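This report concerns only the one structure given below.
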Amino acid sequence: VQLQASGGGLVQAGGSLRLSCTVTGRILRVNVMGWYRQAPGKERELVATISNSGMQDVAEAVKGRFIVSRENAKNTVYLQINSLKPEDTAVYYCVADPPRLSVSSAITPKYWGKGTLVTVSS
């Protein structure tokens with residue numbers, strides 16, 4: 001199983017960015033998909049998850065600016081980041097499963113993608 005993320009880059013503060021990630025490989029069903037991020041010098045944090053039924057869980061710190069969505073037919077998850085701030089600068093990792101994965105749970109994701117770097121300039 002592979003997770004391939006894309007969409008990172010250098011953006012000015014106040015701008016928007018859309019990350020995408022597609023799951024490929026031998027997996028029958030992707031239950032939950034989501035996004036972690038790790039800012040320089042900080043621990044990784046789970047910022048958003050979405051189940052295959054569309055139930056979303058977004059971290060309070062980014063709620064209102066981060067929008068998670070997915071296309072089940074494509075096993076693809078998106079993260080729309082609006083009103084970008086310099087503190088959003090981080091490597092963003094796509095993750096998937098297990099089914100109980102959510103922002104509010106302490107479950108470690110089963111699958112990880114390689115990160116995509118988002119840099120926000122002030």
Side-chain angles (χ1 to χ4, degrees):
V1 176
Q2 293 185 326
L3 284 69
Q4 183 64 51
S6 62
L10 175 62
V11 186
Q12 284 191 330
S16 298
L17 206 60
R18 189 194 197 202
L19 308 180
S20 63
C21 173
T22 298
V23 179
T24 59
R26 301 188 62 153
I27 183 168
L28 289 177
R29 172 177 163 142
V30 183
N31 293 290
V32 177
M33 302 182 75
W35 294 91
Y36 261 85
R37 70 178 180 181
Q38 185 166 23
K42 295 189 177 180
E43 294 187 357
R44 285 185 303 194
E45 60 174 338
L46 184 57
V47 293
T49 60
I50 183 168
S51 70
N52 55 13
S53 64
M55 185 174 298
Q56 303 159 39
D57 196 4
V58 179
E60 285 297 325
V62 299
K63 196 168 285 186
R65 296 192 301 118
F66 284 31
I67 302 170
V68 61
S69 60
R70 66 186 283 174
E71 289 187 73
N72 288 338
K74 297 181 179 180
N75 277 345
T76 297
V77 63
Y78 305 97
L79 185 67
Q80 177 72 35
I81 309 175
N82 299 320
S83 302
L84 277 156
K85 303 176 181 181
E87 51 263 42
D88 293 322
T89 294
V91 178
Y92 286 73
Y93 298 90
C94 173
V95 296
D97 285 344
R100 289 186 299 121
L101 176 66
S102 72
V103 171
S104 55
S105 73
I107 297 173
T108 300
K110 183 175 182 179
Y111 303 108
W112 290 81
K114 295 180 181 179
T116 185
L117 176 63
V118 173
T119 304
V120 184
S121 63
S122 57

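A quick note: this is a predicted structure, and the numbers were derived from the prediction, not measured.
Under a 4.5 Å side-chain heavy-atom cut-off, the cluster of Ile, Leu, Val, Met, Phe, Trp and Tyr residues that includes Leu10 has no other member. Other members of the cluster containing Met55 do not exist, because no ILVMFWY side chain is joined to it at under 4.5 Å. Grouping Ile, Leu, Val, Met, Phe, Trp and Tyr by side-chain contacts under 4.5 Å, direct or through others, puts Val91 with Val32, Tyr36, Leu46, Tyr93, Val95, Leu101, Val103, Trp112, Leu117.
Every residue two or more places apart in sequence or in another chain that forms a side chain to side chain donor-acceptor pair (under 3.5 Å) with Ser6 is listed here: Ser20. Under the side-chain contact (heavy atoms from CB on, under 4.5 Å) criterion, Gln4 pairs with no residue, sequence neighbours left out.
The two atoms that bring Gln38 and Lys42 nearest to each other are NE2-O, 3.1 Å, heavy atoms only. Listed here is the closest heavy atom pair of Ala13 and Ser122: CB-CA, 4.3 Å. Closest heavy-atom contact between Leu17 and Gly7: CG-O, 3.5 Å. Across all non-hydrogen atoms, the minimal contact from Thr116 to Ala5 is CG2-CB, 4.3 Å. When all heavy atoms are compared, the tightest approach of Ile107 to Pro98 is CG2-CG, 3.5 Å. The heavy-atom pair separating Val118 from Gly8 by the smallest distance is CG2-CA, 4.1 Å.
Considering only heavy atoms from C-beta on, Val23 stays 4.5 Å or farther from Tyr111 through its side chain. Put simply, the side chain of Cys21 reaches to within 4.5 Å of the side chain of Trp35, judged on heavy atoms. Residues Val1 and Lys110 are not in side-chain contact: their nearest non-hydrogen atoms beyond the backbone lie 4.5 Å or more apart.
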N/O donor to acceptor pairs below 3.5 angstrom from side-chain atoms of residues 63-73, sequence neighbours left out:
from	atom 1	to	atom 2	distance (Å)
Lys63	NZ	Glu60	OE2	2.9
Arg65	NH1	Asn82	O	3.3
Arg65	NH1	Ser83	O	3.1
Arg65	NH1	Asp88	OD2	2.7
Arg65	NH2	Asp88	OD1	2.9
Arg65	NH2	Asp88	OD2	3.3
Arg70	NE	Asn72	OD1	2.6
Arg70	NH1	Asn31	O	2.9
Arg70	NH1	Ile50	O	3.0
Arg70	NH1	Ser51	O	3.3
Arg70	NH2	Val30	O	2.9
Arg70	NH2	Asn72	OD1	3.3
Glu71	OE2	Tyr78	OH	2.4
Asn72	ND2	Asn52	O	2.7

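The distance from atom CD1 of Ile27 to atom CD of Gln2, rounded to the nearest 0.5 Å, is 12.0 Å.
Counting heavy-atom neighbours within 6.0 Å of Glu87 CD, excluding the residue itself, gives a total above 12.
In terms of hydrophobic clustering, with Ile, Leu, Val, Met, Phe, Trp and Tyr side chains grouped at heavy-atom distances under 4.5 Å, Leu79 and Val11 are assigned to a common cluster.
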